[in-house]
Protein chains: 2
Amino acid sequence: MAIPTKKPDKKRRISESTIHRLSLYYRALTLLEKENYETVSSKELARREKLTPAQVRKDLSFFGSFGTRGLGYPVNELKNKIASILGIDRTWRVALVGVGNIGSALVSYKEFMKQGFQIVKLFDNDQRKIGSNHKGIIVSDINNLEKELKEAGIELVILAVPATVAQYIVDNVVKAGVKAILNFAPVNLRVPDDVYLRNENMSMELEYLSFALVNNLSQKRVNEG
Amino acid sequence: MAIPTKKPDKKRRISESTIHRLSLYYRALTLLEKENYETVSSKELARREKLTPAQVRKDLSFFGSFGTRGLGYPVNELKNKIASILGIDRTWRVALVGVGNIGSALVSYKEFMKQGFQIVKLFDNDQRKIGSNHKGIIVSDINNLEKELKEAGIELVILAVPATVAQYIVDNVVKAGVKAILNFAPVNLRVPDDVYLRNENMSMELEYLSFALVNNLSQKRVNEG
DNA sequence: AATGCCATGTGAAATGGTTCACAAAACAGT
DNA sequence: ACTGTTTTGTGAACCATTTCACATGGCATT
Ligand SMILES: NC(=O)c1ccc[n+]([C@@H]2O[C@H](COP(=O)([O-])OP(=O)(O)OC[C@H]3O[C@@H](n4cnc5c(N)ncnc54)[C@H](O)[C@@H]3O)[C@@H](O)[C@H]2O)c1
Ligand SMILES: NC(=O)c1ccc[n+]([C@@H]2O[C@H](COP(=O)([O-])OP(=O)(O)OC[C@H]3O[C@@H](n4cnc5c(N)ncnc54)[C@H](O)[C@@H]3O)[C@@H](O)[C@H]2O)c1
């Protein structure tokens, strides 16, 4: 009889909520670092992001043992570890399609760059916008999308075009081999199984607030984001 | 012994996910209506939003019986019913604080109005912006926030200010009696228990995509939003 | 009026996520 | 070296959500 190893190739499936919370821990640790904390307990980390200490420890335990019993977690080390888990300890090459209201706001946003998401390409179909300069980036013609996405080695695309054309653009983005898309259009897009698609849906949050108001929801924690 | 009534004052707690899916059903039904569908099955509704038929039926059953066995759900009727559940069968008076990059984009967005969220007040602390006109609304001085929120009967506030001042603004919004806040700043804000706060966190979605890419997540459904 | 068919509505089962509770580990102080 | 204190790491218990499966009800057609 074989002696069982401690973790026999166990395929752990990490939940979406856990990943979202890692983002929160990362944010809190960044702040703690600025405040010159050396270590932090699960209790303090939980307090800062309105979670429970047990939740914090459980989440982290999926990825390893980063703390010291009796002391807590080393702030800088844990922050780096989470960055590595999330894959933000590197730079991602990002393109943005649709330089309209929301698109322009996103290009101007410096925090994304700081977190490793570097917008290096812009696309639009409006002749007045093509060729114009946004934060040092020249807007490309949407007709060259596939070719230029490949040439620029784009790994992630942000979609900020009208809902009516979003599916058409996505199809071309997929053709260019891009595997990750963040979509702002309020529409359910079809992508192949090997392409990751996330939707940013602001109406959904407004509608949740509306629901809470009319139903006098008892407020435990309405959101963790 | 009392004969038990069928639903003896049962306090049903509706989950956050169910409410989010109601938003999706609403969106799908709006489209179905435009396409002149009279009725729709849970199967078709599920297909359009990448959910399961059982999920659709279960979600709706929390609020009543809206369908006809063998036929499906009446599109227009169900749409109205969901609007009523979500509280978007009316107009909400909304103020937006911080008329910067993202704030300007939100003011220009006509879809919110169509869904009953009517932005009627803008606030900023930048002298160059105060008094200026955005889509017919004059930007007010942040110093008059509490007073003007009350006067205008604002029920919901969208926060698009820098993270550093967000808590300060929220405190004043709460003082003005506003019970619902949608926050875009990447910071965990403190509000009293009777105030509903939701956060729109774009970094979180980008980081999820990053995690998916570096971990080659098996793709079932990465997002439902 | 009777039959066949279809899709809802819903308990019950299964799955997944969160909280509990405590042994184990590390440090500090004596 | 020993004792007390603190906080981690983690199975197990608990709770919530999703999926299953089927009885039920209604329509259509004959
Ligand atoms: N503005 C907001 O606050 C907001 C909020 C939530 C969601 N959204 C969604 O984000 C998307 C963009 O909204 P917006 O307000 O920025 O709209 P917008 O009209 O200001 O911007 C859309 C941009 O896409 C470009 N475009 C149109 N067709 C194109 C094509 N075929 N190829 C390339 N570019 C094309 C337009 O030229 C324009 O620059 C929409 O789907 C909208 O529903 C916007
Ligand atoms: N731009 C984006 O794409 C983006 C994306 C995600 C999150 N955010 C967040 O949204 C918020 C706004 O971002 P932005 O890019 O629009 O920044 P911005 O600097 O363009 O806009 C901020 C606005 O708030 C105003 N403001 C500053 N202090 C104020 C005060 N005390 N009272 C009233 N108004 C005040 C400024 O005058 C400015 O008009 C930030 O918290 C940012 O982190 C922005």
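Side chains included, hydrogens not; waters and symmetry mates left out as well; all remaining heavy atoms used. Order of the sequence lines fixes the chain letters, A, B, ..., with proteins taken first and strands second; residue numbering starts at 1 for each chain.
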- Task: Map A/D59 and A/T68 onto DNA chain C by nearest heavy atom, then report which one ends up closer to the 5' terminus.
- Result: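 The residue whose closest nucleotide sits nearer the 5' end is A/D59.
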
- Message: Taking the nucleotide of DNA chain C with the nearest heavy atom to each, does A/G70 or A/S15 sit closer to the 5' end?
- Response: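 Nearest nucleotide further toward 5': that of A/S15.
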
- Task: Using a cut-off of strictly less than 4.0 Å, decide whether B/Q55 has a side-chain nitrogen or oxygen near OP1 or OP2 of D/dT19.
- Result: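 Checking B/Q55 against D/dT19: at least one side-chain N or O falls below 4.0 Å of OP1 or OP2.
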
- Message: Counting the atoms with a prime plus P, OP1 and OP2 as sugar-phosphate, which does A/T18 contact under 4.0 Å by heavy atoms, base, sugar-phosphate, or nothing?
- Response: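 Since no nucleic acid heavy atom lies under 4.0 Å of A/T18, the category is nothing.
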
Which listed nucleotide ([options]) is nearest to the side chain of [X]?
{"X": "A/R57", "options": "C/dG17, D/dT10, C/dT19", "answer": "D/dT10"}
{"X": "A/T52", "options": "D/dT17, D/dG25, C/dT19", "answer": "C/dT19"}
{"X": "A/Y73", "options": "D/dT19, C/dT10, D/dT8", "answer": "D/dT8"}

- For B/V56 against B/Y25, the heavy-atom pair lying closest together: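 Nearest pair, atom of B/V56 first, then B/Y25: CA-OH, 3.4 Å.
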
- Message: Rounded to whole Å, how long is the line connecting atom CD of A/E16 with atom P of D/dA16?
- Response: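 A/E16 atom CD is separated from D/dA16 atom P by 20 Å.
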
- A/R48 and A/E44: CA distance, side-chain angles, deciding distance, salt bridge (Lys or Arg N to Asp or Glu O under 4.0 Å) verdict: CA-CA 6 Å; A/R48 290 188 172 226; A/E44 171 66 8; 2.8 Å; yes

- Calculate, to the nearest 0.5 Å, the distance between atoms CD1 and CZ belonging to B/I158 and B/F112 respectively.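 Taking CD1 in B/I158 and CZ in B/F112, the distance rounds to 6.0 Å.
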
- Item | Presence of salt bridge, A/E207 and B/R27, under 4.0 angstrom |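 Salt bridge between B/R27 and A/E207, a charged N being under 4.0 Å from a carboxylate O: no.
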
- Query: On DNA chain D, nearest-nucleotide positions of A/L71 versus A/K58: which is more 5'?
  - Reply: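 Its nearest nucleotide lies further toward 5', so the answer is A/L71.
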
